[in-house]
2 protein chains.
Amino acid sequence: MTTQTLTRNQGLVLDVLSHSEGPLSAYTILDKLRDSGFRAPLQVYRALDKLLEFGLVHRLESINAFVACAHPDEGCHAHGITAFTICETCGKVTEFHDHVIEDRLKSFAKDRNFKTGKTTIEIRGTCAGCA
Amino acid sequence: MTTQTLTRNQGLVLDVLSHSEGPLSAYTILDKLRDSGFRAPLQVYRALDKLLEFGLVHRLESINAFVACAHPDEGCHAHGITAFTICETCGKVTEFHDHVIEDRLKSFAKDRNFKTGKTTIEIRGTCAGCA
DNA sequence: CAATTGATGTAATAACATTACATTTCAATT
DNA sequence: AATTGAAATGTAATGTTATTACATCAATTG
Ligand SMILES: [Zn+2]
Ligand SMILES: [Zn+2]
Ligand SMILES: [Zn+2]
Ligand SMILES: [Zn+2]
């Protein structure tokens, strides 16, 4: 799935996120797209839903914000669980994948017959640059 | 920290959460405490802040809800990172601790000089009983 | 008692997200 | 080209979650 196949609204939202230094809330995205014709939150949320589905954007549950995927071409979706560090000072987000963690979580779930859906791993703190 | 040292509002909120089948939103807690004199969201949020601080309650970031700690007497705080499975059908929450996962996350952070604050691990899905 | 601190009450507002419904776009099929 | 069905869009209204601001009250302590 490349940018080419996106609709206008999806493309605009992804563009804003891609050029942002850090994660943005839906309403911040809306504000940045007023000049492009966006008028209502739903325009943003609908675009975000699709971008999340395509694996081009991640939602950070602990801060109610969205961030462009750091490596969308490598099929972030396929890499399994994505974990994040989130700097509470500068907003910098780092994505990573850890197979050991993933295996531990999967095995915990399997042992209890828990059918795993979406998994959230987010570390909030202070990045090296802000320490 | 035992229930004895809690203020009236804190005790009421913890009581509601402790007797609930699953996680509750702040506003649901508020509704359940109207008869006890609660009138405003802040009464709930303030009590929750303290209960979170005491380690008696956990916040589930991915569903904006709160749950009583499953083993408050064992010093959940001290056990390090708490992970959760959350059944999206019945709301059942299971708390667990995994030192391997914790070590992996800590070492990832340390390698990057990221100072770790609060860490969220939440698996949403379907529990054995709801499958 | 005066001062400080922590907790509470209340109203208002901010921030985040969804429902509902009408309309448009666009590709597939006839 | 016209039909049509699915996906996307526009807009308003509403619902849900959380915080700010300010006044008051209660317990502690010097
Ligand atoms: Zn990614
Ligand atoms: Zn930083
Ligand atoms: Zn706990
Ligand atoms: Zn269940």
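Here is how names work: the chains are called A, B, and so on, in the same order as the sequence lines, proteins then strands, and each is numbered from 1. Note that this is a predicted model, so its numbers are computed, not measured.
- For the pair A:D31 CG and C:dA14 C1', the interatomic distance rounds to 13 Å; values are reported in whole Å.
- For B:H99, the NE2 atom sits in a loose shell: 12 or fewer heavy atoms of surrounding residues, nucleotides or ligands are nearer than 6.0 Å.
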Practice prompt. Going 5' to 3' through nucleotides 14-29 of chain D, assign each nucleotide B (protein heavy atom under 4.0 Å from a base atom), S (under 4.0 Å only from sugar-phosphate atoms) or - (no protein heavy atom that close).
Written response: ---BBBBB--------
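- The 12-atom threshold is exceeded at NZ of A:K118, counting heavy atoms of other residues, nucleotides or ligands nearer than 6.0 Å.
- No more than 12 heavy atoms of other residues, nucleotides or ligands lie within 6.0 Å of CG in A:D35, so this atom counts as exposed by the packing criterion.
- Side-chain atoms of A:H58 never come within 3.5 Å of backbone atoms of A:A68 as a donor-acceptor pair (strictly under, hydrogens ignored).
- Residue B:L6 contributes atom CG, which lies 11 Å from atom P of C:dA7 at whole-angstrom precision.
- Contacts between residues 84-93 of chain A and DNA chain D, counted as heavy-atom distances below 4.0 Å, involve no residue at all.
- Residue A:E53 contributes atom CD, which lies 10 Å from atom P of D:dA7 at whole-angstrom precision.
- Between B:R34 and B:D31 there is a salt bridge, since at least one side-chain N of the basic residue sits less than 4.0 Å from a carboxylate O of the acidic one.
- Atom CZ of B:F38 and atom P of C:dA7 are 14 Å apart (whole Å).
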Discussion item. B:R124 vs A:T120, test: side-chain hydrogen bond (donor to acceptor under 3.5 Å, both in side chains). Steps then yes/no.
Written reply: CA-CA 8 Å; B:R124 293 180 307 293; A:T120 297; 3.1 Å; yes
With a cut-off of 3.5 Å and sequence neighbours excluded, list every side-chain donor-acceptor pair involving residues 40-57 of chain A.
| residue | atom | partner | partner atom | Å |
| --- | --- | --- | --- | --- |
| A:Q43 | OE1 | A:R39 | N | 2.6 |
| A:Q43 | OE1 | A:A40 | N | 3.0 |

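- In this entry the distance linking CZ of A:R34 with P of D:dT11 reads 12 Å, nearest Å.
- Checking the phosphate oxygens (OP1, OP2) of D:dT9, a side-chain nitrogen or oxygen of A:T7 falls inside 4.0 Å.
- There is no path of hydrophobic side-chain contacts, each under 4.5 Å, that joins A:I121 to A:V93.
- Atom P of nucleotide C:dA7 and atom CG of B:L48 are separated by 14 Å, given to the nearest angstrom.
- Across the protein-nucleic acid pair, A:I29 atom CD1 and C:dA15 atom P stand 16 Å apart, rounded to whole Å.
- The side chain of A:N9 has D:dT9 as its nearest neighbour among D:dT9, C:dT8, D:dT11.
- The closest donor-acceptor contact from the side chain of A:E95 to the backbone of A:C69 lies at 3.5 Å or more, if one exists at all.
- Protein atom CD of B:Q43 is 16 Å distant from nucleotide atom C1' of C:dG6, rounded to whole Å.
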